[in-house]
Amino acid sequence: MLVVVCVKQVPDTTQVQIDPVTNTLIREGVPFIVNPYDTHAVEQALRFKDRFGCRVAAISMGPPNAEATLRKALAQGVDRAVLLSDRSFGGADTLATSKVLAAAIEKLAQEEEVGVVICGKQTIDGDTAQVGPGIATRLSFSQLTLVDRVDELDLSGKKIRVSRKLEGRHEHVEAPLPVLLTVVRELNRPRYPTVAMRLESADAQVEVWDNKVLQLDVNTIGLKGSPTWVSRIFSPERAKGEMLGDGVHDPEGAAQLLIDKMLEKDLLAL
């Protein structure tokens with residue numbers, strides 16, 4: 001069985017700046033990192049490999065320099081790395097991105113049965129959390145989102161049982177394979193590659209698939225296939241706050257003023 005893990009190269013958001021004229025990200029000189037949630041997805045795929053002997057393939061869609069992201073996955077122990085890179089893929093929103101990734105997974109499945117696909121719950125640049133569910137929908141896979149623990153993977157019974165981290169509670173669910181998981185940070189602690197594996201990964205092959213390989217309609221992928229687009233990026237302006245009393249020397253008085261203001265604006269129900 002093949003486990004496919006999706007990884008994305010994202011800007012290190014702590015160092016991103018916005019061009020005030022074009023309202024676009026200034027990419028020059030910005031370091032890129034592996035999307036943090038995806039590192040936990042890779043680790044889970046490798047744990048399946050360690051326990052069940054599954055093969056693991058990592059895929060990523062992006063420009064040629066996204067190859068570095070896949071080399072890190074190779075250094076950690078994935079067996080195969082595929083970069084989906086073509087100008088026609090550029091400018092894709094989550095809908096078009098999920099279409100390309102799903103097509104690549106279908107192509108991998110022509111060679112080897114895909115039982116599990118794992119994605120980070122979201123990327124730190126888009127924060128939509130839509131790509132994983134989009135892939136599952138296109139592939140007609142079961143989808144389990146926000147997974148923070150895998151309780152059981154039953155390959156003979158073709159089912160999986162996991163814990164999902166929801167707001168204020170956990171949900172324990174079971175689903176049939178094939179399945180797509182989106183995972184959260186609490187799932188595991190990613191392993192560090194050894195020096196030997198880093199050196200080995202430097203010479204490993206990263207396959208590059210363009211649209212000649214996937215044969216997708218160019219009107220349904222990339223910018224042309226994206227019904228949503230970013231028209232402006234900006235930091236929201238915040239109105240200067242109003243000082244309410246002296247919170248240092250009279251905290252009770254300041255708290256009462258705050259309550260009075262909230263009641264005045266009908267923000268509290270008594």
Side-chain angles (χ1 to χ4, degrees), residues 1-8 35 37-61 70 73-74 76-82 84 94-95 97-123 128-166 169-191 207 209 214 216:
M1 184 186 78
L2 183 66
V3 177
V4 178
V5 60
C6 302
V7 295
K8 184 182 180 184
N35 180 49
Y37 292 105
D38 298 348
T39 63
H40 299 276
V42 172
E43 175 60 32
Q44 185 56 54
L46 293 174
R47 292 188 183 192
F48 286 150
K49 175 182 176 180
D50 293 343
R51 182 172 180 185
F52 302 105
C54 309
R55 280 174 41 80
V56 177
I59 61 173
S60 183
M61 189 178 95
L70 291 168
L74 285 166
Q76 288 176 295
V78 306
D79 301 292
R80 185 176 182 181
V82 179
L84 311 172
T94 56
L95 186 74
T97 298
S98 66
K99 181 168 188 174
V100 174
L101 291 171
I105 294 168
E106 285 180 327
K107 186 166 183 62
L108 289 169
Q110 291 173 5
E111 303 175 24
E112 191 172 356
E113 180 186 8
V114 175
V116 182
V117 177
I118 312 177
C119 306
K121 74 162 187 171
Q122 64 194 65
T123 57
T128 65
Q130 294 174 345
V131 171
I135 296 170
T137 300
R138 290 183 181 280
L139 295 175
S140 298
F141 280 17
S142 310
Q143 59 173 295
L144 299 175
T145 57
L146 305 174
V147 172
D148 69 344
R149 190 177 70 235
V150 175
D151 294 320
E152 181 184 12
L153 175 62
D154 181 355
L155 295 181
S156 59
K158 290 190 175 296
K159 61 183 179 183
I160 190 170
R161 190 171 65 246
V162 304
S163 166
R164 300 180 63 225
K165 182 186 177 185
L166 306 180
R169 62 193 173 91
H170 280 79
E171 183 179 73
H172 301 274
V173 293
E174 184 176 289
L177 303 184
V179 67
L180 181 142
L181 311 178
T182 72
V183 302
V184 299
R185 297 176 191 269
E186 292 82 356
L187 178 67
N188 55 43
R189 178 175 294 182
R191 68 191 66 185
E207 301 170 52
W209 291 0
L214 298 182
L216 295 169

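Please read all numbers here as calculations on a predicted model, not as lab measurements.
With a 4.5 Å cut-off on side-chain heavy atoms, V117 and P178 do not count as touching. Residues L139 and L180 are not in side-chain contact: their nearest non-hydrogen atoms beyond the backbone lie 4.5 Å or more apart.
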Would you please test V131 and C119 for side chain to side chain contact (heavy atoms under 4.5 Å, CB included) and show each step?
CA-CA 9 Å; V131 171; C119 306; 5.8 Å; no

CA sep, side-chain torsions, deciding dist, call: S98, Q130, side chain to side chain contact (heavy atoms under 4.5 Å, CB included):
CA-CA 8 Å; S98 66; Q130 294 174 345; over 6 Å; no

Under the criterion side chain to side chain contact (heavy atoms under 4.5 Å, CB included), I'd like the reasoning laid out for M1 against V116: C-alpha separation, chi angles, the key distance, then a yes or no.
CA-CA 8 Å; M1 184 186 78; V116 182; 4.2 Å; yes

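Of the possible donor and acceptor atoms, one in the side chain of D38 sits under 3.5 Å from a partner among the backbone N and O of G120. A donor-acceptor contact shorter than 3.5 Å links the side chain of S60 to the backbone of V7. Under the 3.5 Å distance criterion, the side-chain polar atoms of K49 are left unmatched by any main-chain donor or acceptor of D79. Although no hydrogens or angles enter the test, the distance criterion places no donor-acceptor pair under 3.5 Å between the side chain of T145 and the main chain of T182.
The line from CZ of R189 to NE2 of H40 is 10.0 Å long, rounded to the nearest 0.5 Å. Taken to the nearest 0.5 Å, the OG atom of S142 stands 9.5 Å off from the CD1 atom of I160. The CG atom of L46 sits 9.5 Å away from atom CD of Q44, with the distance rounded to the nearest 0.5 Å. Interatomic distance, F48 CZ to L181 CG, rounded to the nearest 0.5 Å: 6.0 Å. From R47, atom CZ reaches atom CG of L153 across 14.0 Å, with rounding to the nearest 0.5 Å. Here the CG-CD distance, from L108 to E106, works out to 10.5 Å after rounding to the nearest 0.5 Å.
Counting all heavy atoms, side chain and backbone alike, S156 lies closest to D154 at OG-OD1, 2.9 Å. For the pair A41 and I118, the tightest heavy-atom approach, listed with the atom from each and the gap, is CB-CG2, 3.5 Å. Here the shortest heavy-atom pairing between L216 and K99 reads CD2-CE, 4.2 Å. When all heavy atoms of V42 and Q76 are compared, the pair lying nearest together is CG1-OE1, 3.6 Å. The minimum heavy-atom distance linking S163 with D151 is given by the pair N-OD2, 3.9 Å. Heavy-atom minimum distance, A104 versus I59: CB-CD1, 4.4 Å.
Salt bridge annotation for E111-R80: present, with a cationic side-chain nitrogen under 4.0 angstrom from a carboxylate oxygen. Using a 4.0 Å cut-off between a side-chain N of Lys or Arg and a carboxylate O of Asp or Glu, R191 and E43 qualify as a salt bridge.
Each of E171, R149, R169, H170 was checked for a side-chain contact (heavy atoms from CB on, under 4.5 Å) with R164, and the lone residue meeting it is E171.
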